[in-house]
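Contents: one structure, followed by commentary.
All residue numbers refer to positions in the sequence shown, counting from 1.
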Amino acid sequence: MSSDELGSENENYDSIQKDSLWRDEHKMEESAQIIHFLVLGLICGLILRELNKKTNIPYSPMILALGLAIGLSQEYLGKIGNSAYILSKMHPHLIVFIFIPVLLFESAFNCDWYTFKYQIINILLLAGPGCGWGAILLGACFKIILQYSDDDMNWYEAFTLGSVLSATDPVAVVALLKELGANPAFNHLIEGEALLNDGVAMVLFNVFNNISKASSGKGAAVSGGDIVVSFLRTSLLGPVMGLILGVLVALWTKRILGDDIEVTWLTFVFTYFTFYWAEFEFFETSGLLAVVGLGLFWCAYGRTRIRASVEHSVHAVWGFVQYSCDTLVFLLVGIIVGIEIMEEKLIESSDYYKMIGFYFLMILARFLMVLTFYPFLKCFGYPISKSELIVLVYGGLRGGLGLTLSLMVGCDEDLPARFRHLAVFYAAAMALITNMINGTTCKTLVKCVKMIDEPIVKKKVYKKYLEELIVIQQDQIKELETDEFYNMTDWMTVSNLIGQQDFIEKIDKVEQDIKHIIQKKGFQEMVYEGLPNQDIFGEVRYRVYRILKGLYYHKYEEGLVEEQTVRMLVESSDVGLDKLNDNLEIWDELYKNFMNLCSVNFFFKVKQKFLIGYFAREYLIKHLGLVYDVTSSFIICAEEALHLADNFPLNKEAISIIQEELKKDIEKAQNYFGTLNGSFPEIVRVLQTKKASFSILTHSIEHLQSTQRRGLIDDKEYKILLKDINNKLVKLESHSYDMSLPSFHVIAMQFPIFQEISLTDLDIIKKVAIEKKYALGQVIYAKGDECSEVYIIMRGYVVNDFNGILITKGLGSLITHQSLIVDGVHMSMAKAAVESQLYALPTKVVKEIMIRNKEFEFKVYLHSLEYIRKWYESQVGPIAQMDLKRLNEFLRNKCRLVKLSTLSQTEFIHGGFLFSGQLQDSKSNAFNKYDYIPPSEGLFTAATNVTCFAFDEPIEVLQQKRMKELKLDSQRDQEIHEKYSEIKRNSIMELSKINIT
């Protein structure tokens with residue numbers, strides 16, 4: 001239906017008398033048709049999405065082509081065509097207001113902040129001055145090369161159109177690069193440039209458009225100062241406002257617990273609120289850049305404010321919204337282009353030839369723009385290679401925002417008609433051509449320039465994963481074969497349906513690729529596992545980083561760390577995974593995020609000051625809470641990873657070298673942790689209190705949810721209890737803590753080591769305790785000295801040194817209880833690492849309490865094992881490899897303290913550990929002090945008086961279970977490879993039988 005027909009139809013209703021309640025009923029069907037058309041568009045999008053999965057044709061060009069076909073044929077499509085025509089006349093500002101904020105926020109919200117942060121300078125270069133330089137080059141192409149006269153467009157109008165065409169929208173290219181496994185840093189460079197240059201392009205568009213109108217006398221006069229102020233206001237205030245609103249929303253979100261709808265709705269509503277408030281209320285700055293600022297804040301910090309229980313829901317909703325908006329924008333763009341082609345009267349035939357030439361000029365201009373900043377792109381962030389430069393230039397697709405800006409030009413009657421039509425013509429043509437040509441051929445270009453060079457390490461790891469997948473499938477088949485409900489199953493068809501042969505072919509291809517790479521690079525020194533020296537070290541580091549990430553997430557799932565902590569820890573591993581050829585520097589990467597201790601000292605000194613004191617206390621708890629959580633979690637996970645690395649099925653020399661790198665990181669973290677404990681014991685006490693409360697409440701929620709899933713609690717009681725616990729979590733965030741450190745006599749009963757003793761014994765300890773102070777580096781006791789006193793740390797921290805093996809201890813630690821189990825002699829040397837305050841207790845008094853209180857005695861021996869397992873690692877067997885938390889849990893629940901006199905006998909069916917004396921088994925094998933006793937049949941005889949642990953379960957079972965959880969069983973890789981080889985042989989035999997048949 002043409003515009004004239006629509007106009008005449010509307011005139012029929014002008015004569016109808018209207019009042020305030022009057023509504024045009026004849027428009028109802030038209031509105032319904034438009035909704036129907038949009039729904040049909042989304043359905044077509046789903047069909048094309050399925051086609052994309054099967055053919056790998058990029059999605060965006062397909063939906064654009066569909067819109068173009070509808071636009072060209074709208075006169076023949078009846079009501080659908082009528083709806084398409086009405087939508088094509090939608091004001092372009094509506095497209096910006098409705099669709100663009102959602103697309104920008106979703107893109108910023110879901111980016112990888114770690115990668116984006118390291119690429120930020122390169123992104124800003126391309127999206128800021130790069131976008132401006134590109135707009136100027138494109139404007140010059142129109143005037144100088146394509147020879148458009150001032151009647152067609154003047155210089156300012158040319159630069160306006162250049163800014164319209166400088167906005168990139170490489171959705172199809174980014175999706176393709178992710179699919180091909182391109183470097184995430186390069187993906188973020190392309191995506192980040194598009195994210196920011198959308199806002200910058202709109203700022204440049206407004207600036208050049210205002211100058212153009214002023215030059216023609218149809219707008220207010222614009223001075224150079226006005227231009228600068230306008231540019232700074234729109235480009236800087238917008239992101240700042242987005243960050244401010246992001247902070248407010250994050251604080252709000254933190255207080256929402258267990259409400260998926262409210263959290264999702266909050267992010268959605270504030271996206272539009274930020275855009276409209278920035279665009280129309282707050283100094284009329286850039287709403288698009290404000291939304292980008294909001295999205296990036298949420299990516300970096302706000303996302304960790306979302307509770308893990310609702311995070312999936314938020315991402316699912318935003319994924320749906322992004323897909324819907326992206327589909328409708330490209331569909332509308334195609335429709336508008338098609339209808340403009342059919343109705344266009346001011347476009348001359350020469351413009352079509354110029355348009356083809358401009359396509360190549362646009363690529364050339366982008367090449368010159370990128371080349372201008374290439375020296376900087378190589379210096380900052382992740383340096384890009386020459387092949388990546390080519391793809392960066394070629395992948396600069398044009399899309400919805402550029403066309404929307406051109407439509408704004410098209411409907412601006414203050415601009416010349418010829419220029420308005422040229423703007424829409426070129427924007428539509430470039431969006432169509434770049435998506436149709438560049439979007440569909442970029443995959444071929446990536447392969448031609450050999451941009452993606454996957455390391456041998458990753459190919460080997462990928463091959464092992466495929467082998468494991470096939471073995472798991474085959475094990476499941478064997479399990480189902482024994483089930484009577486699958487007696488008639490056609491297992492050959494099952495194998496075909498699950499794609500075992502396809503996986504085998506993929507493994508063969510990966511093996512050929514590895515051989516080809518090795519032959520091509522001509523490695524002369526093939527040392528380990530058929531890999532070059534550097535690659536085997538890279539594989540060990542790769543495994544260490546992956547184990548660490550797994551351990552971090554495991555602690556998070558157990559409620560032992562908060563969201564921001566696990567984000568920072570995982571980020572440090574992601575940094576390392578991009579630098580496998582460099583030494584492990586995990587702690588240095590983490591330390592970059594910490595405030596230096598001088599600044600912390602300043603906040604600590606002013607924490608009681610009026611006004612500023614409140615903010616100082618809040619910041620100390622928040623910042624040092626994160627630092628404490630990150631540091632302690634890293635030490636625990638790194639120490640476990642250090643021992644787990646022994647089980648890698650790789651060359652032991654290479655593993656040992658990487659373990660030394662990890663030990664240096666652990667030592668740095670322990671030194672920092674000790675300084676933290678020693679310098680700020682008051683804050684550390686608060687942090688430990690808060691962390692313990694958080695961990696217990698989180699564990700309570702997990703237990704409650706598990707109980708509800710098993711049907712052991714009614715929904716009513718479940719909701720009441722869950723709400724109660726969630727309210728306690730909210731109160732935990734706002735609780736006011738006492739930052740003073742109580743005296744020893746007040747706090748003594750809270751020390752874990754003393755919690756099992758009676759009040760009478762505790763009073764004795766308080767009476768005999770003597771305060772002692774030690775300067776930095778002062779020796780507290782030396783190895784071999786008589787152990788007449790044991791010490792509890794009240795301030796500072798102490799380093800225990802046993803033949804170069806260091807153990808640091810801080811606030812609340814009893815540092816000499818390991819000496820209580822030997823004959824009155826200190827096993828190590830201890831000295832103050834900072835100025836420290838300790839309380840000394842007579843050894844005689846502590847030993848008397850041990851005799852009276854067996855639980856206290858057991859605890860002394862249990863904590864002694866923490867030291868012994870490090871100092872006598874070669875003797876303690878699997879105890880050395882266990883992380884301390886699991887070891888203590890095992891000893892508390894599955895262990896007994898046993899004392900034997902000479903010639904007494906006992907059994908160690910499940911194993912044990914010898915603290916003192918000597919034992920002989922039934923085969924006359926001798927076990928001495930600090931030896932691990934493996935599970936054995938028969939009786940053990942005490943050659944002297946003996947003190948030992950007897951286990952109620954084999955500790956090896958617990959360790960093996962842990963190894964399987966982390967997929968680190970030393971025989972696992974070999975077993976999987978052998979099983980896979982057998983499956984492959986059987987598959988070849990089955991195929992041979994089928995071919996013969």
- Message: Nearest 0.5 Å, please: how far is CG in Leu64 from CG in Leu397?
- Response: 10.0 Å
- Task: Measure the spacing between OG1 of Thr327 and CG of Leu48 and express it to the nearest 0.5 Å.
- Result: 8.5 Å
- Message: I need the full list of side chain to side chain donor-acceptor pair (under 3.5 Å) pairs touching residues 361-373, with sequence neighbours left out, sorted by first then second residue.
- Response: Trp133-Thr372, Glu193-Arg366
Give a yes or no on whether the backbone of [Y] and the side-chain of [X] come within a donor-acceptor separation of less than 3.5 Å.
X      : Y      : result
Asp326 : Gln322 : no
Thr441 : Thr444 : no
Asn438 : Tyr394 : yes
Tyr323 : Gly45  : yes

- Proximity of Phe208 and Phe159 rings by center, below 6.0 Å: yes
- Heavy-atom distance under 4.5 Å between the side chains of Leu266 and Val249, does that happen here? yes
- With side chains defined as the heavy atoms from C-beta onward, is the minimum distance between Leu104 and Leu289 less than 4.5 Å? no
- Task: Compute both the distance and the angle, then confirm whether Lys354 meets the cation-pi test with Phe142: under 6.0 Å from the six-membered ring centre, within 45 degrees of the axis.
- Result: no
Side chains of [X] and [Y]: donor-acceptor distance under 3.5 Å anywhere?
X      : Y      : result
Ser149 : Asp152 : yes
Asn197 : Thr168 : yes
Tyr359 : Thr434 : no

- Item | Residues Asp351, Tyr148; criterion side chain to side chain donor-acceptor pair (under 3.5 Å); working and verdict | CA-CA 10 Å; Asp351 292 324; Tyr148 277 106; 2.8 Å; yes
- Message: Arg420: which residues meet the side-chain contact (heavy atoms from CB on, under 4.5 Å) condition with it, sequence neighbours left out?
- Response: Val409, Leu415, Ala417
- Query: Angle class for the Tyr272/Phe268 ring planes (parallel below 30°, perpendicular above 60°, tilted otherwise)?
  - Reply: perpendicular
- Identify the residue among Leu243, Ile120, Leu195 that makes a side chain to side chain contact (heavy atoms under 4.5 Å, CB included) with Leu296. Leu195
- Query: Looking at Val321, Thr271, Val292, which hits side chain to side chain contact (heavy atoms under 4.5 Å, CB included) with Phe105?
  - Reply: Thr271
Run the side-chain donor-acceptor check on residues 329-337: report pairs under 3.5 Å with partners two or more places apart or on a different chain.
none

- Task: Check Ile384 against Tyr374 and note the closest heavy-atom contact, atom names and distance.
- Result: O-OH, 3.5 Å
